[in-house]
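As the structure lists them, so they are numbered: ligands from 1, and atoms in each ligand from 1. Values below: all heavy atoms of this structure, side chains included; hydrogens, waters and symmetry mates excluded.
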Amino acid sequence: MGLYINYLLIMALLNISTILGHNVCPSSQCGNVSVHYPFNLEHETPSASIKCTYFNLICNKTSGTTIFHLPPAGHFYVQKINYTQQYIQLYDPRNCLTKRLFDLSLPVPSPFKTNYENYTLYVCPPDLAMGSILCLSNSTNITVVASGSFKDDNKCEPTHYRLLPVHEDNAFSLTWDSNGCANCDDHDSGGWGAKIIGKIVTVALTLPGLIIMSLSCCSLFCFHLLRLMRGRNVVEAEAAEVHLPSSTTGLDESKIVGCTELVIVSEGEQGCKSKMCSICLEAYSEKEKVSVISKCGHCFHANCVHQWLGKNATCPVCRTSLL
Ligand SMILES: *[C@@H]1O[C@H](CO)[C@@H](O)[C@H](O)[C@H]1NC(C)=O
Ligand SMILES: *[C@@H]1O[C@H](CO)[C@@H](O)[C@H](O)[C@H]1NC(C)=O
Ligand SMILES: *[C@@H]1O[C@H](CO)[C@@H](O)[C@H](O)[C@H]1NC(C)=O
Ligand SMILES: *[C@@H]1O[C@H](CO)[C@@H](O)[C@H](O)[C@H]1NC(C)=O
Ligand SMILES: *[C@@H]1O[C@H](CO)[C@@H](O)[C@H](O)[C@H]1NC(C)=O
Ligand SMILES: *[C@@H]1O[C@H](CO)[C@@H](O)[C@H](O)[C@H]1NC(C)=O
């Protein structure tokens, strides 16, 4: 219950911050990609008060894909954007990234950077099973790309050397290195005004949540306490019940000692199945010495069971007669 309320609370906070962010700094969602500074969706212009450089992403709402246009290479699809680490991961929808990267040239100066590596393209006979670039291969020759040295039995011929952005699994990353935008550093806090409002809203939302949470914790605790007390009453009532009609059925001290043995809770040969004494309802500590009724193997605090057996000749748990 506490967890559920917490969840609702977080969802509410997220929603509010998105709305707040939206008013000041654009923040939107396209498919599974969340878009905010330094990106924005085409047609969603930030308010005029924000003098920040944004990069347009195109959202195809039908397919839920986010597209980044990088002339002259063209459209790349966005796999993910990590705003903490400041990188955008792009892939080629036609699964021909290597070829596409031949045409990628980031403008100088560019806010985006990528790591380059010296790649070699090889043309190989078609029976080579290694990762080939399908879009550059045909039935007579397949093309393989490799960075560094490509170990092969010389059946492949290198055809191109090229510095290309480091890519793997049809995806590559661009990092950006902006020192932020004065009033748009943090997509969900927005400008100064929004920050204040955000704080007020946060407090307003958190406070009742905290109260509800502590109430639910409290009631849980009370419930537990009640159960514990009821358990104690039952035992006491039972003790009274048994005690009333037959006050003489208790065992004397020597018999009590005779029908119980002392063991350490966790080490007794039979061990104690229960982790707490059913008479006083208190948990045992791990190395505690307790009394086991030899006949049925139930454990209790020595004091508790001695008091009980002084008045009753049965095991308090299973009622086995000890006479
Ligand atoms: C959006 O995606 C759908 C499905 O992939 C495609 O048919 C459509 O042409 C795309 N629209 C644009 C504007 O790219
Ligand atoms: C987002 O969706 C695209 C395909 O639409 C997928 O390739 C990508 O892995 C997804 N990203 C995350 C973080 O789920
Ligand atoms: C961004 O990267 C960091 C570190 O690798 C990671 O902890 C975080 O979850 C990532 N964020 C997203 C939205 O993928
Ligand atoms: C890439 O590596 C090849 C072979 O090692 C070399 O001949 C070529 O000059 C390198 N190209 C660049 C741009 O470093
Ligand atoms: C197959 O690809 C090789 C290397 O790219 C090219 O030289 C050759 O002409 C192509 N053959 C056909 C039939 O397209
Ligand atoms: C394509 O394959 C044929 C036959 O395997 C070969 O003779 C030719 O040299 C290959 N073309 C290239 C560009 O390697």
Side-chain angles (χ1 to χ4, degrees), residues 3 6-46 50 52-104 106 110-117 133-135 147 165-181 183-190 194-195 198 201-202 205:
L3 272 182
N6 232 348
Y7 170 78
L8 284 182
L9 205 70
I10 288 167
M11 290 317 285
L13 276 177
L14 280 179
N15 280 341
I16 293 288
S17 61
T18 311
I19 292 162
L20 279 176
H22 193 83
N23 288 337
V24 189
C25 301
S27 166
S28 30
Q29 188 79 20
C30 178
N32 60 8
V33 176
S34 108
V35 178
H36 47 86
Y37 180 80
F39 299 99
N40 73 326
L41 290 183
E42 222 178 27
H43 314 305
E44 287 189 15
T45 38
I50 299 167
C52 304
T53 312
Y54 278 92
F55 302 94
N56 279 340
L57 298 177
I58 303 158
C59 187
N60 184 333
K61 294 208 168 74
T62 323
S63 57
T65 45
T66 316
I67 297 158
F68 194 19
H69 186 56
L70 283 169
H75 286 172
F76 290 92
Y77 281 28
V78 177
Q79 195 140 42
K80 70 170 170 195
I81 306 177
N82 189 319
Y83 293 93
T84 325
Q85 304 246 307
Q86 302 203 333
Y87 68 85
I88 180 170
Q89 198 172 54
L90 303 167
Y91 68 100
D92 175 43
R94 277 154 299 177
N95 208 355
C96 195
L97 187 63
T98 305
K99 190 178 171 208
R100 300 281 314 281
L101 291 177
F102 270 64
D103 301 326
L104 182 77
L106 296 173
S110 163
F112 293 104
K113 294 190 172 46
T114 185
N115 291 326
Y116 287 89
E117 210 170 311
I133 306 173
L134 290 180
C135 58
S147 61
V166 174
H167 57 288
E168 205 175 345
D169 297 335
N170 195 39
F172 76 109
S173 294
L174 296 178
T175 58
W176 70 87
D177 181 26
S178 73
N179 35 16
C181 175
N183 49 4
C184 257
D185 279 340
D186 197 358
H187 83 107
D188 57 14
S189 51
K195 263 181 191 157
V201 169
T202 307
L205 274 175

Exercise for the section: Flag N60 as yes when one of its N or O atoms lies below 3.5 Å from any N or O atom of ligand 1, and as no otherwise. Expected result: yes

Completion exercise
among protein heavy atoms, the one nearest atom 10 (C) of ligand 3 is N82 ND2, 2.5 Å

Exercise for the section: Answer whether the closest heavy-atom distance between the side chains of L57 and N40 falls below 4.5 Å. Expected result: no

Exercise for the section: Using distance alone, with no hydrogens and no angle criterion, decide if S34 and Q29 have a side-chain donor and acceptor under 3.5 Å apart. Expected result: no

Exercise for the section: Considering only protein heavy atoms, determine whether one is less than 4.0 Å from atom 7 (O) of ligand 1. Expected result: no

Exercise for the section: Please examine the side chains of I67 and F76, heavy atoms only from C-beta on, and report whether any two atoms are closer than 4.5 Å. Expected result: no

Handout entry: Residue, atom name and distance, where the atom is the protein heavy atom closest to atom 13 (C) of ligand 3
Key = I81 O, 4.5 Å

Problem - Per-atom contacts, ligand 3 versus Q85 - under 4.0 Å to a heavy atom - result: 1 (C), 2 (O), 3 (C), 4 (C), 5 (O)

Exercise for the section: Taking the side chain as every heavy atom from C-beta outward, state whether I58 and F68 have any atom pair closer than 4.5 Å. Expected result: no

Problem - Under 3.5 Å donor-acceptor, N170 side chain and D92 backbone - result: yes

Practice task
May I ask you to list the atoms of ligand 1 that are less than 4.0 angstrom from any heavy atom of S63?
Solution key: 1 (C), 2 (O), 4 (C), 5 (O)

